[in-house]
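Everything quoted here is computed from the prediction, not taken from an experiment.
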Amino acid sequence: MGRKVIVAVCSLNQWALDFSENSRRIIESVRIAKEKGASVRSGPELEISGYGCADHFLESDTFLHSWEMLIQIMVNSNCQDIIVDVGMPVMHKNVAYNCRVLFLNKKILLIRPKMVLCDDGNYRETRWFTAWKKEKETEDYFLPRMVRDITEQSCVPFGDGVISTYDTCLAPEICEELWNPQSRHIDLSLDGVEIIMNSSGSYHQLRKMFTRVDLVKSATYKCGGVYMFSNLIGCDGERVFYDGGSMISVNGQIVAEGPQFTLEEVCVVAAVVDLEDVRSYKYGLRSRSEKASCTKPFPRIQVDFALSDRDDYNLLRTSPPIQFSLLSPAEEIRLGPACWMWDYLRRSAQGGFFLPLSGGIDSSATACLVASMCHLICDAVANGNHTVQMDIQRITGQPEYVPKEPRELANRIFTTCYMASENSSNDTRNRAAQLANQIGCYHLSINIDIAVAAVLKIFSTAVNMMPRFRVHGGSLRENLALQNVQARLRMVLAYLFAQLSLWARGRSGGLLVLGSANVDESLRGYMTKYDCSSADINPIGGISKTDLRIFINHCKDKFGFTSLESILGALPTAELEPLADGELMQTDEQDMGMTYEELSVYGKLRKQQKCGPYSMFCKLLHLSSSKHSPEEIADKVKLFFQLYAINRHKMTVLTPSYHAESYSPDDNRFDQRQFLYNVKWPWQFSRIDQEVKKVEDLLKMRDDAEEISSASENEKRANINPQIPTAPSNISNGMPISSSSMGITVPLSCQVTLLRNTAGSPRQLVPSTPTLARRYIPLLPQQLHQLQLHQQQHQQTQLTFPSSTVGASTINGSKGITFAGETNGIDTSSHEYIVHQLPGSGNRVLLSSGRYATIDPSMLGPVNALMAVANQRPLPTPDTEDSPIQVADTSSHGSDTEIVKKKRRKKMTDKPLSDHAEKPVVEDKVQKRGMKERAPALMQQLAHKVQRNVENAMQLEKPLPTLHKQNGNSGTSVQEV
């Protein structure tokens with residue numbers, strides 16, 4: 001037989017310490033729940049006192065008044081014949097607890113203390129409360145006498161218990177217990193609890209609702225049951241806004257949802273659930289049943305009541321699953337701050353808002369939020385919300401006024417002012433005026449130059465000096481001071497106009513001053529202390545510049561504010577400096593030294609991922625390696641933390657801002673840090689420098705490995721081609737290499753390797769002898785063709801050129817060292833030298849071309865000796881890294897000299913190797929003739945260098961060997977260099 005029950009959750013717009021009105025709203029929610037047929041009603045966390053009482057929870061008055069309000073709620077006629085779950089602070093054995101009080105017909109059933117407190121973000125619950133640690137235990141709580149007179153109870157259960165009715169079992173869970181890894185609803189479900197009531201005080205944060213919905217759904221997906229989630233809504237006196245979104249979930253599916261952003265003070269949502277569906281779902285989960293069979297039971301409070309005690313239960317339609325309505329970030333920004341401002345305005349008893357409107361994105365976004373608030377007010381009044389209508393009549397001072405059109409309402413409660421100076425442009429003036437006209441607000445335009453001149457006159461009279469802007473030859477100190485004078489005077493004038501604007505219009509009251517500094521500028525400290533960022537409240541102080549741009553685009557389409565198009569396209573600038581030759585001397589990103597996008601990344605790493613300077617550098621090394629080198633990333637991180645440390649003191653006077661972002665730098669509670677730093681960060685920055693050097697060394701090694709691997713792949717592709725044209729006979733003893741940049745033909749007296757032959761870089765050679773540094777050498781097309789023919793003919797990747805300065809000797813007699821080529825499975829001679837022997841691989845070695853080969857076991861000893869010499873005593877290179885390679889002519893193919901300069905290695909290696917290759921540069925004929933005339937002198941200079949290298953080699957304990965091929969001999973002889 002089905003057992004259908006109706007349950008109700010509610011969102012209440014409570015105000016901290018407003019006990020009487022809080023109680024009124026609670027009673028109203030119970031009345032609406034009963035009208036919907038609900039037999040159980042659950043409300044948000046600490047709804048009687050208000051969640052935001054903060055240190056008022058340390059006062060005994062708060063506990064006394066909460067009990068007094070609970071009495072009024074219990075005796076109210078609307079609160080009978082329904083199980084009511086309300087939240088309030090309770091003192092038990094001189095310990096303060098955040099509690100749920102469940103009552104029915106003037107009888108308290110259970111006082112359930114919170115077992116997991118929240119201390120992250122804006123939460124500081126352990127400052128005022130203590131968590132209940134006695135799991136599945138209850139104690140007697142002796143009621144105050146005034147409560148005992150009403151309930152006729154001397155003591156009631158206090159602790160971790162559950163309520164058992166005739167037809168089901170239900171229990172409370174409080175806010176953070178849902179978010180905790182060991183959530184209480186798991187044990188409750190395993191012990192047979194079918195209805196769980198979660199009371200929350202979860203504030204709004206952009207993109208947070210998805211996580212909240214997912215947690216509610218998963219609470220009953222694994223264990224089954226009914227989950228009732230109730231949340232606060234509105235501004236209760238703090239920087240946060242509770243965004244409602246109360247919901248009911250059954251067996252992992254949402255069946256009812258409440259509004260997220262609304263001007264309604266009481267929102268009740270009910271759902272019809274079938275308890276038989278819950279039971280069949282539960283025992284269908286076999287693994288859950290196994291765990292439930294051995295769980296320790298909770299204390300049960302028996303109640304003479306049935307939730308499904310109605311005859312028409314079969315006529316009730318079970319609430320079907322629905323898709324929860326998730327809003328976009330732009331919609332959240334449009335609705336959240338607007339509702340927050342409305343609560344602040346109506347509860348502050350002020351007559352409206354005043355905003356310095358500059359025509360930029362930030363102040364325009366703030367203006368659009370006020371326009372959004374006006375639309376919400378008109379919609380609420382049109383839908384019959386008498387509370388909103390009464391509030392707007394009191395604000396405007398017009399008892400008969402009924403708002404119908406948002407633009408007309410904005411003209412009554414919203415005043416904007418464009419404060420121009422000699423540095424302001426007509427573009428920003430026009431953009432501000434156009435937006436104000438489309439919103440409908442009362443707009444003023446003034447010039448502050450008179451005030452600026454007066455202040456500077458006072459200063460110059462005192463010191464007999466007049467500061468100048470940078471464009472006029474002034475210093476940086478003078479330039480900043482002149483900008484700050486303008487900014488601070490605007491703040492002074494803003495408060496003057498806020499106090500007297502309504503007086504000038506014949507109305508009573510004053511205006512709240514709105515600030516317009518975004519979260520990224522606050523984090524960077526890119527603001528003047530006590531300028532227009534200093535205000536009464538700041539609706540965009542917790543929103544990033546990136547999200548504000550998205551919001552502006554949304555408003556352009558939502559409200560038809562076409563003036564926002566030009567505002568979006570304009571460069572962000574404060575217009576505090578004069579123009580230089582008609583050009584802007586100042587843009588925000590240029591002044592900050594970083595982009596808004598970068599600031600957003602830094603802020604999230606600093607706050608969300610808890611990164612200091614060193615950790616941030618390490619993370620950005622992976623996130624930004626494709627755009628910046630390690631050294632550039634290090635410089636950006638250092639700059640950010642230096643500026644952050646210098647300007648942190650500004651956060652101590654930051655205007656109270658709407659909390660919307662998880663990396664807000666709000667110093668009041670969310671981001672508690674020191675405001676006096678060592679701005680040099682000496683140890684942290686030194687660790688970054690160490691890591692930069694380490695990373696660059698690793699990247700260099702990776703670059704070399706990729707180079708060898710690329711050469712090996714090119715060699716394999718070259719050996720695949722069976723068509724081998726006949727090479728000219730004059731190539732066998734040498735190779736004329738022509739420098740395409742100098743036009744000089746020079747034969748090389750060393751071994752060279754064709755590194756690659758791609759369309760983008762077809763002329764690259766690299767010397768492979770240990771005596772020469774690895775360099776890129778350009779070839780002319782015809783020489784490249786000849787080299788390819790020669791390589792294909794001899795089936796090798798290296799060419800050996802004779803040198804009169806190199807002596808020859810033989811190791812191990814005439815036998816030489818034989819390699820077994822792995823590619824064709826036959827023994828072939830090779831003149832490549834051995835890079836190293838692979839550890840643990842027996843007789844496998846790595847050749848200089850990047851190929852692997854197997855060495856004759858009988859030759860393993862001599863080869864190991866040669867490699868030991870090569871690894872321990874490398875010969876010095878003849879040139880420095882930035883010096884040209886000069887190669888002398890030792891053959892009959894010419895007497896010219898090639899000079900090739902190697903570019904410095906770039907710090908990052910994300911680009912292909914070909915991108916780093918030196919590109920040939922075409923020189924004029926005069927330069928070519930000059931090089932030919934200087935060739936004999938260059939040849940003589942090279943001869944001296946080669947001779948010095950040979951002498952240095954002879955002074956080593958053992959010579960460094962290089963293997964090369966000898967024509968007409970089946971073995972390989974070792975040539976000493």
Novice: Is a side-chain donor-acceptor pair under 3.5 Å present for T595 with E589?
Specialist: no
Novice: Can you name the salt bridge (charged side-chain N to carboxylate O under 4.0 Å, His left out) partners of R407, sequence neighbours left out?
Specialist: none
Novice: Under 3.5 Å, is there a donor-acceptor pair between the S424 and R429 side chains?
Specialist: no
Novice: For residues 334-364, which residue pairs pass the ring-ring contact (aromatic ring centres under 6.0 Å, His included) check, not counting sequence neighbours?
Specialist: W340-Y658
Novice: Do S425 and E575 have side-chain N/O donor and acceptor atoms under 3.5 Å apart?
Specialist: yes
Novice: For a quick test of reading the model, state the closest non-hydrogen atom pair linking E478 to P467 and the distance between them.
Specialist: OE1-CA, 3.4 Å
Novice: Where is the tightest heavy-atom contact between P665 and V519, given as atom of each residue plus distance?
Specialist: CD-CG2, 3.4 Å
Novice: Report yes if the side chains of D536 and L514 come closer than 4.5 Å at any heavy-atom pair, otherwise no.
Specialist: no
Novice: Got a donor-acceptor contact below 3.5 angstrom from the R124 side chain to the G121 backbone?
Specialist: yes
Novice: Report the C-alpha separation of F241 and H659 in whole Å, then their side-chain angles, then the decisive distance to 0.1 Å, and conclude whether the ring pair (Phe, Tyr, Trp, His ring centres under 6.0 Å) test is met.
Specialist: CA-CA 7 Å; F241 180 82; H659 177 83; over 10 Å; no
Novice: Output all residues satisfying side-chain hydrogen bond (donor to acceptor under 3.5 Å, both in side chains) with Q486, sequence neighbours left out; order by chain, then residue number.
Specialist: S421, N423
Novice: Go through the steps to decide whether R212 and S202 satisfy the test side-chain hydrogen bond (donor to acceptor under 3.5 Å, both in side chains), and finish with yes or no.
Specialist: CA-CA 9 Å; R212 196 184 295 159; S202 182; 3.0 Å; yes
Novice: Could you walk me through whether S328 and E331 satisfy the side-chain hydrogen bond (donor to acceptor under 3.5 Å, both in side chains) test, starting with their C-alpha distance in whole Å, then the side-chain angles of each, then the deciding distance to 0.1 Å, before giving a yes or no?
Specialist: CA-CA 5 Å; S328 68; E331 291 174 313; 3.3 Å; yes
Novice: Output all residues satisfying salt bridge (charged side-chain N to carboxylate O under 4.0 Å, His left out) with E257, sequence neighbours left out; order by chain, then residue number.
Specialist: none
Novice: Could you measure the distance from the NE2 atom of H472 to the CD atom of E577? Nearest 0.5 Å is fine.
Specialist: 10.0 Å
Novice: Please report the interatomic distance OG(S11) to CG(D243), rounded to the nearest 0.5 Å.
Specialist: 9.0 Å
Novice: What distance separates M341 CE from N538 CG, expressed to the nearest 0.5 Å?
Specialist: 10.0 Å
Novice: Give the intermediate values and the outcome of side-chain contact (heavy atoms from CB on, under 4.5 Å) for residues K636 and M594.
Specialist: CA-CA 8 Å; K636 286 177 176 291; M594 57 196 72; 5.8 Å; no
Novice: For the residue pair Q608 and E661, establish whether any side-chain heavy-atom pair is separated by less than 4.5 Å.
Specialist: yes
Novice: Roughly how far, to the nearest 0.5 Å, is CG of L548 from OG1 of T546?
Specialist: 8.5 Å
Novice: Is a salt bridge present between R24 and E21, judged by a nitrogen-to-oxygen distance below 4.0 Å?
Specialist: yes
Novice: Taking all non-hydrogen atoms of both residues, which atom of C555 and which atom of L564 are closest, and how far apart?
Specialist: CB-CD1, 3.9 Å
Novice: Provide the closest heavy-atom pair for V269 versus G258 in the form atom of the first, atom of the second, distance.
Specialist: CG2-CA, 3.4 Å
Novice: Kindly determine whether D591 and Y526 satisfy side-chain hydrogen bond (donor to acceptor under 3.5 Å, both in side chains), including the steps that lead there.
Specialist: CA-CA 8 Å; D591 274 1; Y526 183 64; 3.2 Å; yes
Novice: Return the OG1 to CD distance between T396 and Q398, rounded to the nearest 0.5 Å.
Specialist: 4.5 Å
Novice: Near K529 NZ, under 6.0 Å, is it more than 12 heavy atoms from other residues, nucleotides or ligands?
Specialist: yes
Novice: Mind running side-chain contact (heavy atoms from CB on, under 4.5 Å) on M419 and L493 for me, showing each step along the way?
Specialist: CA-CA 9 Å; M419 301 182 181; L493 292 171; 4.2 Å; yes
Novice: Apply salt bridge (charged side-chain N to carboxylate O under 4.0 Å, His left out) to D557 and list each qualifying residue two or more places apart in sequence or on a separate chain.
Specialist: none
Novice: Using the benzene-type ring in the case of Trp, are the ring centres of H204 and Y242 under 6.0 Å apart?
Specialist: no
Novice: Do K650's NZ or CZ and the ring of Y530 fall within the cation-pi criteria of under 6.0 Å and 45°?
Specialist: no
Novice: Can you check salt bridge (Lys or Arg N to Asp or Glu O under 4.0 Å) on D671 and R673, steps first, answer last?
Specialist: CA-CA 6 Å; D671 190 45; R673 303 170 192 244; 2.6 Å; yes
Novice: Quick one: salt bridge (charged side-chain N to carboxylate O under 4.0 Å, His left out) partners of D531, sequence neighbours excluded?
Specialist: none
Novice: Give the intermediate values and the outcome of side-chain contact (heavy atoms from CB on, under 4.5 Å) for residues R490 and V452.
Specialist: CA-CA 10 Å; R490 283 174 174 149; V452 173; over 6 Å; no
Novice: CE of M466: more than 12 outside heavy atoms within 6.0 angstrom?
Specialist: yes
Novice: Write out all pairs satisfying side chain to side chain donor-acceptor pair (under 3.5 Å) with one or both partners inside residues 352-367, taking only residues at least two apart or from two chains.
Specialist: S358-S363, D362-N518, D362-K545
Novice: Once ring-ring contact (aromatic ring centres under 6.0 Å, His included) is applied, do any residues pair with Y677, and if so which ones, sequence neighbours excluded?
Specialist: Y644, W681
Novice: I want to know whether Y418 and H443 have ring centres closer than 6.0 Å.
Specialist: no
Novice: What pairs meet the side chain to side chain donor-acceptor pair (under 3.5 Å) rule with one or both residues in residues 457-466, with sequence neighbours excluded?
Specialist: none
Novice: Using a distance-only test with no angle check, is there a side-chain donor-acceptor pair under 3.5 angstrom linking Q14 and R25?
Specialist: yes
Novice: Could you check whether atom CD of E408 has more than 12 heavy atoms from other residues, nucleotides or ligands sitting under 6.0 Å from it?
Specialist: yes
Novice: Just how far is it from atom CG of L345 to atom CD1 of I537, taken to the nearest 0.5 Å?
Specialist: 8.0 Å
Novice: Kindly state each residue pair satisfying salt bridge (charged side-chain N to carboxylate O under 4.0 Å, His left out) with at least one member in residues 441-451, sequence neighbours excluded.
Specialist: none
Novice: Which pairs, with at least one residue in residues 342-351 and sequence neighbours excluded, count as a salt bridge (charged side-chain N to carboxylate O under 4.0 Å, His left out)?
Specialist: E265-R346, D343-R346, R346-D391
Novice: Looking only at heavy atoms, what is the nearest atom pair of S522 and L654, with distance?
Specialist: OG-CD1, 3.7 Å
Novice: Considering all heavy atoms of both residues, which atom of S246 and which atom of N231 are nearest to each other, and what is their separation?
Specialist: OG-N, 3.0 Å
Novice: Do F414 and C374 make a side-chain contact, defined as non-hydrogen atoms from C-beta onward lying under 4.5 Å apart?
Specialist: no
Novice: Identify, with sequence neighbours excluded, every residue that meets side-chain hydrogen bond (donor to acceptor under 3.5 Å, both in side chains) alongside T528.
Specialist: N484
Novice: Kindly indicate, with the supporting measurements, whether the criterion salt bridge (Lys or Arg N to Asp or Glu O under 4.0 Å) is fulfilled by D547 and R207.
Specialist: CA-CA 11 Å; D547 285 335; R207 306 169 180 88; 2.9 Å; yes
